[in-house]
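First the structure, in the form of C-alpha coordinates, and then the observations on it.
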Amino acid sequence: MIGPDLFGQPSFSTIAMDPPWPERGGGRVKRGADRHYGLLDPPEILAVIRASGMFLPAEHAHLWCWYTDNYLPAALWLVGELGFAFKRTFQWVKVKGKPCALDFETGLAVEVGPECEPELRYGIGQYARGAHEGMLFATRGKGMDPSVCTEHRDVPSVILAPVPAENGKRIHSCKPPAAYELIERRSRGPYLEMFARTGRPAWTAWGDEAPGS
(Lines give C-alpha, C1' and ligand atoms only; values in the text may rest on other atoms or scores of the structure.)
Protein backbone atom coordinates (compact mmCIF):
# COMPACT_ATOMS: atom_id res chain seq x y z
CA MET A 1 0.00 0.00 0.00
CA ILE A 2 1.27 3.47 -0.86
CA GLY A 3 1.61 5.72 2.16
CA PRO A 4 0.76 9.45 2.33
CA ASP A 5 3.34 12.19 2.49
CA LEU A 6 3.12 15.36 4.59
CA PHE A 7 0.64 16.86 2.14
CA GLY A 8 -1.64 13.83 2.01
CA GLN A 9 -0.38 12.73 -1.42
CA PRO A 10 0.65 9.13 -2.14
CA SER A 11 4.36 8.56 -1.65
CA PHE A 12 7.00 5.84 -1.73
CA SER A 13 9.68 5.33 0.90
CA THR A 14 11.89 3.33 -1.46
CA ILE A 15 12.30 3.79 -5.21
CA ALA A 16 14.44 1.64 -7.47
CA MET A 17 15.05 2.30 -11.13
CA ASP A 18 16.99 0.92 -14.06
CA PRO A 19 16.95 3.80 -16.56
CA PRO A 20 17.28 3.04 -20.29
CA TRP A 21 20.76 4.54 -20.62
CA PRO A 22 21.69 5.05 -24.31
CA GLU A 23 24.07 2.08 -24.53
CA ARG A 24 24.15 1.26 -28.23
CA GLY A 25 27.28 -0.87 -28.24
CA GLY A 26 30.42 -0.54 -30.29
CA GLY A 27 32.66 -2.58 -32.49
CA ARG A 28 31.68 -4.75 -35.41
CA VAL A 29 29.08 -6.76 -33.44
CA LYS A 30 26.31 -4.50 -32.15
CA ARG A 31 25.15 -5.74 -28.76
CA GLY A 32 23.74 -2.56 -27.31
CA ALA A 33 20.60 -2.23 -25.25
CA ASP A 34 18.84 -0.63 -28.24
CA ARG A 35 18.37 -4.15 -29.61
CA HIS A 36 16.04 -4.85 -26.69
CA TYR A 37 14.18 -1.63 -25.81
CA GLY A 38 14.03 2.09 -26.56
CA LEU A 39 16.82 4.24 -25.17
CA LEU A 40 16.81 7.78 -23.79
CA ASP A 41 19.48 10.41 -23.26
CA PRO A 42 19.94 11.50 -19.62
CA PRO A 43 17.84 14.72 -19.92
CA GLU A 44 15.07 12.66 -21.53
CA ILE A 45 15.21 10.12 -18.70
CA LEU A 46 14.76 12.94 -16.18
CA ALA A 47 11.85 14.38 -18.16
CA VAL A 48 10.11 11.00 -18.40
CA ILE A 49 10.46 10.38 -14.67
CA ARG A 50 9.04 13.81 -13.82
CA ALA A 51 6.16 13.39 -16.28
CA SER A 52 5.29 9.88 -15.10
CA GLY A 53 3.17 11.06 -12.19
CA MET A 54 4.59 8.11 -10.20
CA PHE A 55 7.87 9.46 -8.87
CA LEU A 56 6.54 10.46 -5.46
CA PRO A 57 9.21 10.01 -2.80
CA ALA A 58 8.29 10.29 0.85
CA GLU A 59 9.75 12.99 3.11
CA HIS A 60 12.49 10.51 4.07
CA ALA A 61 13.25 8.18 1.17
CA HIS A 62 15.84 5.90 -0.38
CA LEU A 63 16.67 5.76 -4.09
CA TRP A 64 18.46 2.85 -5.76
CA CYS A 65 19.57 3.66 -9.31
CA TRP A 66 21.24 1.16 -11.63
CA TYR A 67 23.91 2.64 -13.87
CA THR A 68 26.36 1.57 -16.54
CA ASP A 69 29.99 2.63 -16.23
CA ASN A 70 29.70 4.82 -19.33
CA TYR A 71 26.89 6.78 -17.67
CA LEU A 72 28.09 6.93 -14.08
CA PRO A 73 28.48 10.75 -14.18
CA ALA A 74 25.00 11.02 -15.73
CA ALA A 75 23.52 8.77 -13.04
CA LEU A 76 25.04 10.95 -10.29
CA TRP A 77 23.57 14.00 -12.04
CA LEU A 78 20.17 12.31 -12.34
CA VAL A 79 19.79 11.39 -8.67
CA GLY A 80 20.79 14.94 -7.73
CA GLU A 81 18.22 16.45 -10.09
CA LEU A 82 15.59 14.19 -8.50
CA GLY A 83 16.32 15.70 -5.10
CA PHE A 84 18.46 12.92 -3.62
CA ALA A 85 21.95 12.96 -2.13
CA PHE A 86 24.34 10.24 -3.28
CA LYS A 87 25.72 8.08 -0.45
CA ARG A 88 27.49 5.05 -1.90
CA THR A 89 27.59 2.40 -4.63
CA PHE A 90 26.48 -1.22 -4.52
CA GLN A 91 27.79 -3.83 -6.96
CA TRP A 92 26.25 -6.96 -8.42
CA VAL A 93 29.06 -9.37 -9.33
CA LYS A 94 27.83 -11.79 -11.98
CA VAL A 95 28.66 -15.44 -11.39
CA LYS A 96 27.75 -18.80 -12.77
CA GLY A 97 25.57 -20.92 -10.54
CA LYS A 98 22.09 -21.47 -9.23
CA PRO A 99 20.21 -18.68 -7.44
CA CYS A 100 19.31 -19.02 -3.79
CA ALA A 101 18.41 -16.77 -0.89
CA LEU A 102 20.97 -14.04 -0.20
CA ASP A 103 23.29 -14.75 2.73
CA PHE A 104 23.73 -11.37 4.36
CA GLU A 105 26.73 -12.48 6.41
CA THR A 106 28.78 -13.40 3.34
CA GLY A 107 27.03 -11.45 0.58
CA LEU A 108 26.70 -14.65 -1.45
CA ALA A 109 23.60 -15.44 -3.46
CA VAL A 110 24.69 -18.67 -5.15
CA GLU A 111 24.90 -22.28 -4.11
CA VAL A 112 28.49 -22.78 -3.04
CA GLY A 113 29.61 -26.19 -1.86
CA PRO A 114 32.52 -26.87 0.49
CA GLU A 115 34.86 -27.66 -2.43
CA CYS A 116 33.82 -25.07 -5.00
CA GLU A 117 33.84 -21.34 -5.46
CA PRO A 118 31.60 -19.16 -7.63
CA GLU A 119 32.98 -18.55 -11.12
CA LEU A 120 32.76 -15.09 -12.67
CA ARG A 121 30.47 -14.69 -15.66
CA TYR A 122 32.24 -12.43 -18.15
CA GLY A 123 30.38 -10.10 -20.49
CA ILE A 124 31.70 -7.82 -23.19
CA GLY A 125 33.83 -4.70 -22.97
CA GLN A 126 36.60 -2.76 -24.68
CA TYR A 127 39.08 -2.16 -21.85
CA ALA A 128 37.92 -5.00 -19.61
CA ARG A 129 35.22 -7.63 -19.89
CA GLY A 130 32.33 -6.60 -17.70
CA ALA A 131 31.44 -8.93 -14.84
CA HIS A 132 29.42 -6.57 -12.67
CA GLU A 133 26.67 -3.97 -12.62
CA GLY A 134 26.40 -1.07 -10.22
CA MET A 135 23.69 0.75 -8.29
CA LEU A 136 23.85 4.21 -6.78
CA PHE A 137 22.29 4.51 -3.34
CA ALA A 138 20.96 7.95 -2.47
CA THR A 139 18.76 9.45 0.21
CA ARG A 140 16.19 12.21 0.62
CA GLY A 141 15.51 13.85 3.97
CA LYS A 142 16.95 11.78 6.81
CA GLY A 143 18.30 8.60 5.25
CA MET A 144 18.53 6.82 8.60
CA ASP A 145 15.00 7.75 9.67
CA PRO A 146 13.20 4.61 10.92
CA SER A 147 10.32 5.32 8.56
CA VAL A 148 12.57 4.33 5.64
CA CYS A 149 15.70 2.68 7.06
CA THR A 150 15.48 -0.76 8.61
CA GLU A 151 17.36 -1.82 11.71
CA HIS A 152 19.55 -4.24 9.75
CA ARG A 153 23.23 -3.33 9.61
CA ASP A 154 24.49 -6.54 7.99
CA VAL A 155 23.96 -5.41 4.40
CA PRO A 156 26.97 -6.00 2.10
CA SER A 157 27.89 -3.53 -0.62
CA VAL A 158 28.54 -6.43 -3.03
CA ILE A 159 26.32 -9.36 -3.95
CA LEU A 160 27.27 -12.41 -5.97
CA ALA A 161 24.41 -13.73 -8.08
CA PRO A 162 23.87 -15.41 -11.44
CA VAL A 163 22.38 -13.62 -14.41
CA PRO A 164 18.64 -14.39 -14.61
CA ALA A 165 17.83 -16.74 -17.48
CA GLU A 166 14.79 -18.32 -19.06
CA ASN A 167 15.04 -21.63 -20.91
CA GLY A 168 18.80 -21.36 -20.64
CA LYS A 169 18.91 -17.93 -22.31
CA ARG A 170 20.07 -14.79 -20.52
CA ILE A 171 17.33 -12.20 -19.97
CA HIS A 172 18.71 -8.83 -21.03
CA SER A 173 18.84 -6.19 -18.29
CA CYS A 174 16.95 -8.39 -15.82
CA LYS A 175 18.23 -8.00 -12.28
CA PRO A 176 18.59 -10.94 -9.86
CA PRO A 177 16.18 -11.53 -6.97
CA ALA A 178 19.14 -11.02 -4.63
CA ALA A 179 19.25 -7.34 -5.62
CA TYR A 180 15.67 -6.83 -4.48
CA GLU A 181 16.36 -8.83 -1.31
CA LEU A 182 19.25 -6.51 -0.53
CA ILE A 183 17.12 -3.40 -1.10
CA GLU A 184 14.32 -4.74 1.08
CA ARG A 185 16.84 -5.65 3.77
CA ARG A 186 18.04 -2.03 4.03
CA SER A 187 15.00 0.03 2.96
CA ARG A 188 11.36 -0.02 4.00
CA GLY A 189 8.32 0.17 1.73
CA PRO A 190 6.12 1.26 0.15
CA TYR A 191 8.27 0.27 -2.83
CA LEU A 192 8.24 1.62 -6.38
CA GLU A 193 10.26 0.40 -9.37
CA MET A 194 10.60 2.82 -12.27
CA PHE A 195 11.30 1.43 -15.76
CA ALA A 196 10.26 -1.98 -14.44
CA ARG A 197 10.30 -4.98 -16.78
CA THR A 198 8.97 -7.54 -14.32
CA GLY A 199 6.75 -7.52 -11.26
CA ARG A 200 7.54 -8.34 -7.65
CA PRO A 201 5.21 -8.83 -4.66
CA ALA A 202 4.77 -5.68 -2.51
CA TRP A 203 6.25 -3.48 -5.27
CA THR A 204 4.49 -1.01 -7.55
CA ALA A 205 5.90 -1.36 -11.07
CA TRP A 206 5.94 1.45 -13.63
CA GLY A 207 7.30 1.39 -17.18
CA ASP A 208 6.57 0.48 -20.78
CA GLU A 209 7.35 -3.18 -20.05
CA ALA A 210 5.88 -3.31 -16.56
CA PRO A 211 3.23 -6.00 -15.98
CA GLY A 212 -0.19 -4.70 -16.97
CA SER A 213 1.19 -1.69 -18.84
Side-chain angles (χ1 to χ4, degrees), residues 1-3 11-19 55-69 71-72 75-76 78-80 82-113 117-121 130-164 173-206:
M1 182 175 65
I2 304 174
S11 63
F12 295 94
S13 295
T14 298
I15 301 174
M17 60 184 183
D18 184 16
F55 192 84
L56 301 167
E59 177 188 9
H60 309 297
H62 289 174
L63 176 63
W64 302 77
C65 179
W66 291 96
Y67 66 90
T68 64
D69 286 352
Y71 289 93
L72 173 56
L76 290 166
L78 178 64
V79 300
L82 291 171
F84 283 76
F86 166 70
K87 297 300 180 181
R88 67 159 306 125
T89 62
F90 285 77
Q91 302 295 325
W92 163 31
V93 179
K94 300 177 181 180
V95 298
K96 299 177 181 179
K98 298 179 180 179
C100 69
L102 182 64
D103 184 338
F104 287 99
E105 292 184 0
T106 65
L108 298 179
V110 292
E111 293 183 350
V112 180
E117 295 292 336
E119 179 183 355
L120 287 178
R121 185 191 186 283
H132 74 281
E133 289 190 31
M135 273 192 299
L136 301 182
F137 173 71
T139 63
R140 179 178 188 259
K142 297 179 180 178
M144 297 296 291
D145 192 87
S147 66
V148 61
C149 196
T150 70
E151 69 279 7
H152 300 295
R153 302 282 179 158
D154 55 348
V155 179
S157 63
V158 173
I159 58 173
L160 280 69
V163 176
S173 193
C174 187
K175 302 306 185 279
Y180 295 94
E181 294 170 15
L182 184 148
I183 291 172
E184 292 169 359
R185 181 78 172 180
R186 177 75 288 185
S187 306
R188 299 187 188 278
Y191 300 102
L192 168 68
E193 183 173 14
M194 303 288 294
F195 305 105
R197 300 181 182 93
T198 60
R200 182 173 175 83
W203 284 70
T204 297
W206 178 91

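Along the sequence shown, the residues carry numbers beginning at 1. The analysis underlying the following values was restricted to heavy atoms, covering all of them including side chains, and did not include hydrogens, waters or symmetry mates.
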Measure the CG-CD distance between Asp18 and Glu133 for me, rounded to the nearest 0.5 Å.
7.0 Å

Of Arg185, Glu184, Arg186, the residue whose pairing with Thr150 passes side-chain contact (heavy atoms from CB on, under 4.5 Å):
Arg186

First locate atom OG of Ser11, then atom NE2 of His60, and finally report the distance between them rounded to the nearest 0.5 Å.
11.0 Å

d(Phe12 CZ, Trp203 CH2) to nearest 0.5 Å is 10.5 Å

To the nearest 0.5 Å, how far apart are CG in Leu182 and NE2 in His152?
11.5 Å

Would you call Glu193 and Lys175 a salt bridge, taking side-chain N to carboxylate O under 4.0 Å as the test?
no

The criterion is ring-ring contact (aromatic ring centres under 6.0 Å, His included); which residues satisfy it with Phe84, sequence neighbours excluded?
none

Could you list the donor-acceptor pairs under 3.5 angstrom formed between side-chain atoms of residues 85-92 and any protein atom two or more places apart in sequence or on another chain?
from  : atom 1 : to     : atom 2 : distance (Å)
Gln91 : NE2    : Tyr67  : OH     : 3.0
Trp92 : NE1    : Ala161 : O      : 2.9

Enumerate, atom names and distances included, each donor-acceptor pair closer than 3.5 Å involving a side-chain atom of residues 135-145, sequence neighbours excluded.
from   : atom 1 : to     : atom 2 : distance (Å)
Arg140 : NH1    : Pro57  : O      : 3.4
Arg140 : NH1    : Ala58  : O      : 2.3
Asp145 : OD2    : Ser147 : N      : 3.0
Asp145 : OD2    : Ser147 : OG     : 2.6

Under the criterion side chain to side chain contact (heavy atoms under 4.5 Å, CB included), I'd like the reasoning laid out for Trp206 against Ile15: C-alpha separation, chi angles, the key distance, then a yes or no.
CA-CA 11 Å; Trp206 178 91; Ile15 301 174; over 6 Å; no

Just by modelled atom types, is the Thr14 backbone N or O under 3.5 Å from a matching donor or acceptor in the Arg188 side chain?
no

Quick one: pull up CE in Met17 and CG in Leu192 and give me the separation to the nearest 0.5 Å.
10.0 Å

